[in-house]
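Below: the structure, in structure tokens.
The shown structure was predicted, so the numbers you read here are calculated from the model rather than taken from an experiment. Here is how names work: the chains are called A, B, and so on, in the same order as the sequence lines, proteins then strands, and each is numbered from 1.
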Protein chains: 2
Amino acid sequence: MFSKACEYGIRAAVYIALQSLDGRRVSVNEIAEEIDSPLAFTAKILQQLSKSKVIHSVKGPTGGFEIERTDMDHVKLSKIVHAIDGDEIFVGCGLGLKECNAQKPCPLHDKFVDIRNNLKNMLEQTSLYELATGLEVGLTYLRR
Amino acid sequence: MFSKACEYGIRAAVYIALQSLDGRRVSVNEIAEEIDSPLAFTAKILQQLSKSKVIHSVKGPTGGFEIERTDMDHVKLSKIVHAIDGDEIFVGCGLGLKECNAQKPCPLHDKFVDIRNNLKNMLEQTSLYELATGLEVGLTYLRR
DNA sequence: TTTAATTCGGATAAAATTGTCCTTTATTAT
DNA sequence: ATAATAAAGGACAATTTTATCCGAATTAAA
Ligand code: FES
Ligand code: FES
């Protein structure tokens, strides 16, 4: 569904959000440890998320990654997926035709667009804050 | 969503089904041409589909690929996806945890499982015959 | 029985994704 | 100022996916 990079990116962003709720800024080392992801690869992904304004980074001692409390609400999963995987999942044809086109649809078009739109809506409606709070209460997990 | 191999596999199977409705057996060359896919790679995928009984192959002159009329109804897309991409898409965690587990769910679990199940149901309910008939009537396309 | 058409299967190559390493840059604390 | 800490960025390596090539096996037709 999503690339590995995107999966790590979402898990990392949720973890950063959770810690930011406590006013804690976190390092790549801690993030990779907590979400059980490859350190250097995770660092690359965090750079992307930083550039696309999903998270905020601070260099130097006491530096690290954080997310403003107000941003947590309006940063939706769709923004992260878009930043890392692009828009294929939001607009692409399920059978791989060059573009999804209702005027010249593939055999799966109607059924696929339904599901694709459900996914799109879910991603556009789910905020980092929402996901982080489940974690905070101890109901959900970022590793296993 | 699906791998390239899987996309080609579905398109190929639908095309084979369509031609089989006319009693025509088709070659890899014709299939790759009609669904606009790389010839040799498509041949590999057809081998897989043949082994997993999605399609039937006949060697030698006048040989090629075909699907029995009765099979078209009960071969569902889920079988093709399973044969080529495995079961990750049916049971995997949306955030890449080693396994999806309702007892220890990732933050996206509830919302993701909904969509994953919609997709699963759609694939399990959609037969090759159903997709081929849309093509037959000229309402849908396998290339563009 | 020979030839030709076709799938099958193995080896290999190219491209994309995933992952690592090391140097540079910014910033804080001593 | 200097040293230490952390992200940024570039080069490179490993793995997986996508794709190609070629010879072997099968079978129908000439
Ligand atoms: S054309 Fe294939 S999903 Fe729309
Ligand atoms: S645990 Fe992540 S989708 Fe179920």
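In the 5' to 3' direction, nucleotides of DNA chain D lying under 4.0 Å from heavy atoms of chain A begin and end at D:dA4 to D:dA11. The nucleotide range of DNA chain C contacted by chain B, defined by atoms under 4.0 angstrom from heavy atoms of the protein and reported 5' to 3', is C:dA4 to C:dA11.
For A:Phe112, the ring-ring contact (aromatic ring centres under 6.0 Å, His included) test picks out no residue, with sequence neighbours left out. Among residues two or more places apart in sequence or in another chain, the side chain to side chain donor-acceptor pair (under 3.5 Å) test is passed with A:Ser20 by none. For A:His109, the ring-ring contact (aromatic ring centres under 6.0 Å, His included) test picks out no residue, with sequence neighbours left out.
Summarising the hydrophobic clusters (Ile, Leu, Val, Met, Phe, Trp, Tyr; side-chain heavy atoms under 4.5 Å, direct or chained), the residues clustered with B:Val113 are none. In the hydrophobic clustering, A:Val58 connects to no other residue, as no ILVMFWY side-chain heavy atoms lie under 4.5 Å from its own.
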List the atom pairs, donor and acceptor, that lie under 3.5 Å between side-chain atoms in residues 6-15 of chain B and the rest of the protein, sequence neighbours left out.
residue : atom : partner  : partner atom : Å
B:Glu7  : OE1  : B:Lys4   : NZ           : 3.3
B:Arg11 : NE   : B:Leu142 : O            : 3.1
B:Arg11 : NH1  : A:Leu95  : O            : 2.7
B:Arg11 : NH2  : B:Ile35  : O            : 2.6
B:Tyr15 : OH   : B:Glu30  : OE2          : 2.5

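Looking at residues 47-60 of chain A, you'll see A:Lys59, A:Gly60 sit with a heavy atom under 4.0 Å from some atom of DNA chain C. Of the residues in residues 30-43 of chain A, not one places a heavy atom less than 4.0 Å from an atom of DNA chain D. For the segment residues 85-99 of chain A, no residue has any heavy atom less than 4.0 angstrom from an atom of DNA chain C.
Between atom CG of residue B:Leu123 and atom CG of residue A:Leu108 there is a gap of 7.0 Å, rounded to the nearest 0.5 Å. For the atom pair B:Glu130 CD and B:Leu77 CG, the distance stands at 8.5 Å (nearest 0.5 Å). Here the CG atom belonging to B:Leu18 is positioned 9.5 Å from the CD atom belonging to B:Glu34, to the nearest 0.5 angstrom. Rounding to the nearest 0.5 Å gives a distance of 11.5 Å between CG of A:Leu97 and OH of B:Tyr141.
For A:Gly94 against B:Phe2, the heavy-atom pair with the smallest separation is O-CD1, 3.3 Å.
Using modelled atom types, one finds no donor on one side chain facing an acceptor on the other under 3.5 Å when comparing B:Lys120 with B:Ser78.
In summary, the aromatic rings of B:Phe90 and B:His82 are positioned with their centroids under 6.0 Å apart.
The list of salt bridge (Lys or Arg N to Asp or Glu O under 4.0 Å) pairs with a residue in residues 71-97 of chain A, not counting sequence neighbours, reads A:Arg69-A:Asp73.
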Output, in order, the C-alpha distance, side-chain angles, deciding distance and verdict of salt bridge (Lys or Arg N to Asp or Glu O under 4.0 Å) for B:Arg144 and B:Asp36.
CA-CA 8 Å; B:Arg144 186 173 308 125; B:Asp36 191 27; over 6 Å; no
